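Note that this is a predicted model, so its numbers are computed, not measured. Lettering of chains follows the sequences in order, A, B, ..., and the numbering in each one begins at 1.
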Amino acid sequence: MIGYIDKIKEISKGLLEEKKVDMIIGFRKGTVPMINEPCVAKTSADVDNFVWDSSCGINLANYLTGRKEKIGIIAKGCDSRNIVNHIIENKINREQLTIIGVPCKGMVDRSKVKALVSSDIEEVIEKEDTMVISGADFEKTVKTSDVISKNCTICMHRNPVIFDELVAEEVDEQKDVNRYEDIDKIEAMDSGEKWNYFEDMFKSCIRCYACRNACPLCYCPTCFVDESKPQWVGKSQDPIDIWTFHFLRAYHCAGRCTDCGACVRACPMDIDVRLLTKKLEKDCFEMFNWEAGLSIDKRPPLDVFNADDPDGFIK
Amino acid sequence: MGIEPGRIHFSWVSSAESTKFVDVVKKVTSEVKALGPNKRFVKKKAKVA
Ligand code: SF4
Ligand code: SF4
């Protein structure tokens, strides 16, 4: 995947020089290893800062909300699906966008890499299929495919679903993956076990809202957790306030979440908040045969009423 | 999320279905009574010194 960068730069410079776009949203090297940061290029010189490797896990669709300019945007499979969401939710017009599609092989899970070594990682150099991680007293080579994020290991849409340019040939889509293994496990628990499971899961949450801020779906001008008149949810660190935030946020993502994993990658406490949105994603798939962000011509299940919508829960 | 299944009920009752309404209320109250007071998802009051 690191070979993509030359093509990304070539396309980006062409678009800017021909004035087809006002800016291009891409990635530059992050200040800490394994998290590249989003950046905006307005000139060819800016484009020289662009990077592409397996540390581009942030979802760039997040930066499109309400923009008025003509924008070029670099999009992996999941970013492209969130761009589709943005288009059908009227947060951006298709005509404003030039989508530079990147066939993706998965993004790295920092905590998996950190778990392989005992001291701080200072540098990570990515080769074609491996990563060389090093710190003050060690150097280690790992296979990139062994350390990609959970959501990427079960991703069925690695290729962009919508694009104007493609930086490389499409990659093979994964088949025979069990997408809902984690969710099946939770569903099999009784209610007491579930309660304990979530209690444990959220006990380290510091309510920094990084998960929400990284999520392209969370674009409301005032989030329900920030509202004070009326105050929908308490502002404290009480577990019930924390849960209310997480469960309600997850419901707001129902039928929209693409399982891009940006929320999890943003979390400083390594909480797998995806487990909530993934359940809703599973329900949407099973009840409405719906996967978010695949087509700009279809309305999401929560937007439309059908006489045969499942309603077995209403007695 | 760990709330006992019998605690939450959904029903669709027309204003003309008085007997259905009574049945639903009876069913809900008896099932919830059987479960006892709700201990989960209850916010503890802040302690004031
Ligand atoms: S909830 Fe998480 S996985 Fe879903 S779209 Fe938002 S950031 Fe991506
Ligand atoms: S990013 Fe993590 S710690 Fe911060 S609010 Fe979200 S789950 Fe909690």
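Chain A is approached within less than 4.5 Å, heavy atom to heavy atom, by B/Ile3, B/Glu4, B/Pro5, B/Phe10, B/Ser11, B/Trp12 from residues 3-17 of chain B, ordered by number. For residues 196-205 of chain A, the interface with chain B (any heavy-atom pair closer than 4.5 Å) comprises A/Phe198, sorted by residue number.
The part of A/Ser236 that comes within reach of chain B is its side chain, from C-beta onward, which places non-hydrogen atoms under 4.5 angstrom from that chain. Contacts between B/Lys20 and chain A at a heavy-atom distance below 4.5 Å involve the side chain alone, from C-beta outward. B/Val24 does not touch chain A: none of its heavy atoms, backbone or side chain, sits under 4.5 Å away.
Shown here is A/Asp176, whose CG atom has no more than 12 heavy atoms of other residues, nucleotides or ligands within 6.0 Å. With a 6.0 Å radius and a threshold of 12 heavy atoms from other residues, nucleotides or ligands, A/Lys298 has its NZ atom at or below the threshold.
Of all heavy-atom pairs between B/Lys43 and A/Asp241, the closest is NZ-OD2, 2.8 Å. Between A/Trp195 and B/Met1, the shortest heavy-atom distance links the atoms CE3-O, 3.7 Å. Minimum heavy-atom separation, B/Val42 to A/Ile240: O-CG1, 3.6 Å.
A salt bridge between B/Lys44 and A/Asp238 is absent, with no side-chain N of the basic residue lying under 4.0 Å from a carboxylate O of the acidic one.
With chain B as partner, the option from A/Lys315, A/Met189, A/Glu193 having the largest number of non-hydrogen pairs under 4.5 angstrom is A/Lys315.
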